[in-house]
Amino acid sequence: MPKILMTGASGGIGTRLRELLPPIYPDLVLSDLNTPQNLKSSETFKQADLADLAAVESICEGVDGILHFGGFSVEGPWDTILQANIIGCYNLFEAARKKGVKRIVFASSNHAVGFYPRHSKIPPDVTARPDSRYGVSKVFGEALGALYADKHGLSVTCLRIGNFGDMPLDKRRLSIWLKPEDLVQLCQIGIAHPDIHFEVLYGASYNERAWWDNTRAYELGYRPTGKGEDHREHAMAEQAKLKPDPVGDFYQGGAFCSAEFSGDFSKVWQAK
Ligand code: 15L
């Protein structure tokens with residue numbers, strides 16, 4: 001039974017995965033800057049600041065695989081992104097290398113490619129088009145993953161997660177929704193599939209309106225059970241409450257694209 005470390009245990013995704021992972025990985029170590037709420041006596045928690053390399057090395061001790069959900073999960077000031085997602089991600093990969101961890105699943109994000117228009121369907125190997133400092137940090141994490149796979153032989157899976165939750169929250173999320181149980185499947189593939197060296201997969205359920213070609217995930221055995229369209233009525237009712245956002249509504253990254261936007265819409269428009 002592999003010993004699995006999950007960072008970001010107190011965040012939105014981590015909190016949900018604390019319920020779903022123990023039957024699959026009984027030897028699960030949780031880590032975060034903040035202690036998770038309602039920690040059970042059956043759970044093992046190790047506090048660590050990702051910006052502190054020595055602390056990250058200590059949580060990687062004796063670990064076989066890492067699910068890296070730690071870091072800052074939305075757009076933020078540069079220094080926040082720098083510490084949590086750039087330095088923090090470097091520390092995580094470097095600590096894993098030093099401690100002989102074999103596999104890493106890195107929570108990348110759709111915001112690494114958020115400036116692709118919604119009318120395009122993109123595979124994982126497109127040029128990065130980040131829509132935010134947060135998106136840039138995810139591109140950085142994917143690049144680190146490739147480096148540590150190619151140079152140091154780690155097995156790395158980057159999941160460009162869409163929107164994780166029990167149902168799609170609006171029209172955009174009908175295209176990018178990720179059901180929690182489907183994320184668990186993707187984590188299992190990343191932790192155990194023998195063919196993985198370095199992969200970028202989309203973290204999305206079976207969404208008819210998908211903007212992403214996730215063929216590779218299916219080749220690796222992914223069989224999502226969530227269907228975005230099953231929740232269409234709810235998503236569209238929520239969408240009707242939102243104000244139009246000409247920039248955000250055009251691009252895959254939505255409001256992450258329109259926030260702080262001061263560019264030339266007609267030029268970005270031409271993005272393939
Ligand atoms: C993300 O990467 C964020 O972590 C999450 O909070 C959502 O904003 C999501 O993307 C999204 O695009 O809906």
Side-chain angles (χ1 to χ4, degrees), residues 6-17 32-34 50 67-77 80-81 83-86 88-89 92 105-118 120-122 124 126 128-142 145 157-180 182-183 186-187 200-205 207 209-212 214 224 226 228 231-232 234-236 238-239 241-243 245 247-261:
M6 180 173 77
T7 66
S10 301
I13 293 182
T15 299
R16 191 61 192 277
L17 293 194
D32 202 291
L33 186 57
N34 306 305
L50 291 169
L67 303 174
H68 182 41
F69 293 104
F72 204 67
S73 65
V74 287
E75 179 61 315
T80 305
I81 298 291
Q83 297 301 324
N85 291 13
I86 302 283
C89 197
L92 192 279
V105 175
F106 167 60
S108 183
S109 167
N110 71 91
H111 297 291
V113 289
F115 264 120
Y116 279 91
R118 296 185 184 191
S120 55
K121 189 154 188 167
I122 54 171
V126 289
R129 296 300 287 260
D131 57 23
S132 48
R133 292 174 290 278
Y134 166 70
V136 169
S137 75
K138 294 301 182 182
V139 176
F140 175 79
E142 291 184 8
T157 305
C158 301
L159 302 177
R160 276 186 199 149
I161 297 175
N163 192 254
F164 173 91
D166 287 324
M167 59 174 78
L169 300 174
D170 53 26
K171 185 175 175 217
R172 173 174 168 268
R173 268 63 170 258
L174 281 173
S175 298
I176 68 167
W177 178 52
L178 176 60
K179 182 178 161 177
D182 292 340
L183 175 57
L186 289 168
C187 290
V200 177
L201 308 175
Y202 286 101
S205 291
N207 302 323
R209 307 169 188 230
W211 301 318
W212 308 324
N214 218 9
H231 306 281
R232 191 173 64 87
H234 166 80
M236 291 315 238
E238 291 303 307
Q239 180 67 33
K241 299 176 191 165
L242 302 174
K243 287 196 189 119
D245 173 359
V247 174
D249 290 344
F250 186 78
Y251 295 108
Q252 297 186 4
F256 281 63
C257 297
S258 48
E260 304 175 37
F261 186 81

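Quick caveat, the model's predicted, so the values are computed rather than measured. Start at 1 and go down the list; that is how both ligands and their atoms are numbered.
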message: Could you check whether Glu260 pairs with Arg133 (Lys NZ or Arg NE/NH1/NH2 to Asp/Glu carboxylate O, under 4.0 Å)?
response: yes
Pairs under 3.5 Å, N/O atoms on ligand 1 and on the protein: can you put them in a table with the distances?
unit_1, atom_1, unit_2, atom_2, d
ligand 1, 2 (O), Ser109, OG, 2.8
ligand 1, 2 (O), Tyr134, OH, 2.7
ligand 1, 4 (O), Ser73, O, 2.5
ligand 1, 4 (O), Tyr134, OH, 3.2
ligand 1, 10 (O), His111, NE2, 3.0
ligand 1, 12 (O), Asn110, ND2, 3.1
ligand 1, 12 (O), His111, NE2, 2.7
ligand 1, 12 (O), Arg172, NH1, 3.3
ligand 1, 12 (O), Arg172, NH2, 2.7
ligand 1, 13 (O), Asn163, ND2, 2.9
ligand 1, 13 (O), Arg172, NH1, 3.2
ligand 1, 13 (O), Arg173, NE, 2.9
ligand 1, 13 (O), Arg173, NH2, 3.2

Carboxylate-amine/guanidinium contact Glu238 Arg173, below 4.0 Å: no
- request: State whether a side-chain donor-acceptor pair under 3.5 Å links Thr7 with His68.
  value: yes
message: Under a 3.5 Å cutoff, is there a donor and acceptor pairing between the side chains of Asn34 and Ser10?
response: no
field: Salt bridge Asp166-Arg16, side-chain N to carboxylate O under 4.0 Å
entry: yes
- request: To the nearest 0.5 Å, tell me how far Leu17 CG sits from Met6 CE.
  value: 5.5 Å
